[in-house]
Amino acid sequence: RKEVEQDPGPFNVPEGATVAFNCTYSNSASQSFFWYRQDCRKEPKLLMSVYSSGNEDGRFTAQLNRASQYISLLIRDSKLSDSATYLCVVNIVDSSYKLIFGSGTRLLVRP
Amino acid sequence: NAGVTQTPKFRILKIGQSMTLQCTQDMNHNYMYWYRQDPGMGLKLIYYSVGAGITDKGEVPNGYNVSRSTTEDFPLRLELAAPSQTSVYFCASISRTSGRREQFFGPGTRLTVL
């Protein structure tokens, strides 16, 4: 079983749509959670951290369910510029700060 | 700050050749990492370093070596290149005192082994 699992997509949605991505992780010792965005042929960049109480950053909302070991990302009012691959990432807190990456969910926003 | 820089951007190697992928960061970060990303896949950790003179293996270290003689530089060495090492290689770094734990990535090196 993969440590971090995501639906690969692609999710093909019209502009203005709301879209949700899900992610599950297998290691209950995971302590920090993130969503990274990766544009085609570019490096990953941090989109947002995910906190236990849930958090929002503009059109983006992230949720964490530790009991179910489940993370979600909701994007409201999708823009063409949101087209990218979204990587679910977890960190098992130790002295190395290593990150474990999911394979990513691809989003295509069409006009 | 330039952030994390990687050279070269692209490289084609023949089977059995060797090369060094360069990574430099100017943010005085303690921790540095090398990942590889195969098409349609997530990033897999090759090696990491928690400070100058200290390195450790990640998930997929076979066929690679690293060194960390300075805080700024973390080169990745490929000995005897194989087609299975065709991938995009990303270097990343983070400060030990970073509250957000955001890893900063370089732009990547695209390597093809033929």
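Protein chains get the first letters and strands the later ones, always in sequence-line order, with residue 1 at the start of each.
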Residue-level contacts of residues 107-114 of chain B with chain A, using a heavy-atom cutoff under 4.5 Å
B:P107, B:R110

Here the gap from B:Q103 atom CD to A:F34 atom CZ, rounded to the nearest 0.5 Å, amounts to 8.5 Å

B:L43 versus chain A, the contacting section by heavy-atom distance below 4.5 Å
both

Does any backbone or side-chain atom of A:R41 lie under 4.5 Å from a heavy atom of chain B? Answer side chain, backbone, both or neither.
both

Determine, using the 4.5 Å side-chain heavy-atom cutoff (strictly less than), whether A:L74 and A:F11 are members of one ILVMFWY cluster.
no

With a 4.5 angstrom heavy-atom cut-off, is it the side chain or the backbone of B:E59 that approaches chain A, or both, or neither?
neither

Can you measure from OG (A:S103) to NZ (B:K44) and round to the nearest 0.5 angstrom?
6.5 Å

Find out if a path of hydrophobic residues (ILVMFWY) with successive side-chain heavy-atom gaps under 4.5 Å connects B:W34 to B:F105.
no

Sort A:K98 into side chain, backbone, both or neither according to what part of it lies under 4.5 angstrom from a heavy atom of chain B.
both

Does a donor on one side chain and an acceptor on the other come within less than 3.5 Å for A:E43 and B:Q6?
no

Is it true that, when you exclude A:R106 itself, more than 12 heavy atoms of the residues, nucleotides or ligands shown sit nearer than 6.0 Å to its CZ?
no

Is it possible for you to say whether A:V109 and A:F21 belong to one hydrophobic cluster, with membership spreading through side-chain heavy-atom contacts below 4.5 Å?
yes

May I ask you to check whether over 12 heavy atoms, not counting those of A:L108, lie within 6.0 Å of atom CG?
yes

Distance, nearest 0.5 Å, that separates OH of B:Y35 from CG of A:L99:
4.5 Å

Does A:L47 share a hydrophobic cluster with A:V13, counting links as ILVMFWY side-chain heavy atoms below 4.5 Å and allowing steps through other members?
yes

How many angstroms lie between CZ in A:F101 and CE in B:M41, if you round to the nearest 0.5 Å?
13.5 Å

For A:Q38, is it the side chain, the backbone, both or neither that has a heavy atom under 4.5 Å from a heavy atom of chain B?
side chain

Linking I/L/V/M/F/W/Y whenever any side-chain heavy atoms sit under 4.5 Å apart, do A:I71 and A:V19 land together?
yes

